[in-house]
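Okay, structure first, notes after.
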Amino acid sequence: MTPPGQWGMRPRIIALTLGGGTLVAGGAAAAWWWLLGIGVWMIIAAFLMELIYRP
């Protein structure tokens with residue numbers, strides 16, 4: 001098993017996407033625009049990381 005520091009970018013991108021999706025869903029359900037905005041920016045960051053760090 002590899003140590004967490006050597007896992008690569010894929011798990012980080014997946015975690016950002018899932019976390020962002022959770023925040024977007026929670027923000028939409030509670031009508032909290034700030035939470036929705038944070039979730040959208042997390043998804044944007046995950047998308048940009050996917051574009052930049054392609055293996």
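The structure presented is a predicted model; accordingly, all values stated were derived computationally and were not measured. Just so you know, residue 1 is the first one in the sequence shown, and it goes up from there.
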Under a single-linkage definition using a 4.5 Å side-chain heavy-atom cutoff for Ile, Leu, Val, Met, Phe, Trp and Tyr, are M9 and L48 assigned to the same hydrophobic cluster? no

Taking I43 as the starting point, is it possible to reach W41 by hopping between hydrophobic residues whose side chains are less than 4.5 Å apart? yes

Pairs under 3.5 angstrom only: tabulate donor-acceptor contacts from the side chains of residues 13-38 to other protein residues two or more places apart or in another chain.
residue : atom : partner : partner atom : Å
T17     : OG1  : I13     : O            : 2.8
T22     : OG1  : L18     : O            : 2.8

Interatomic distance, R12 atom CZ to E50 atom CD [nearest 0.5 angstrom]: 13.5 Å

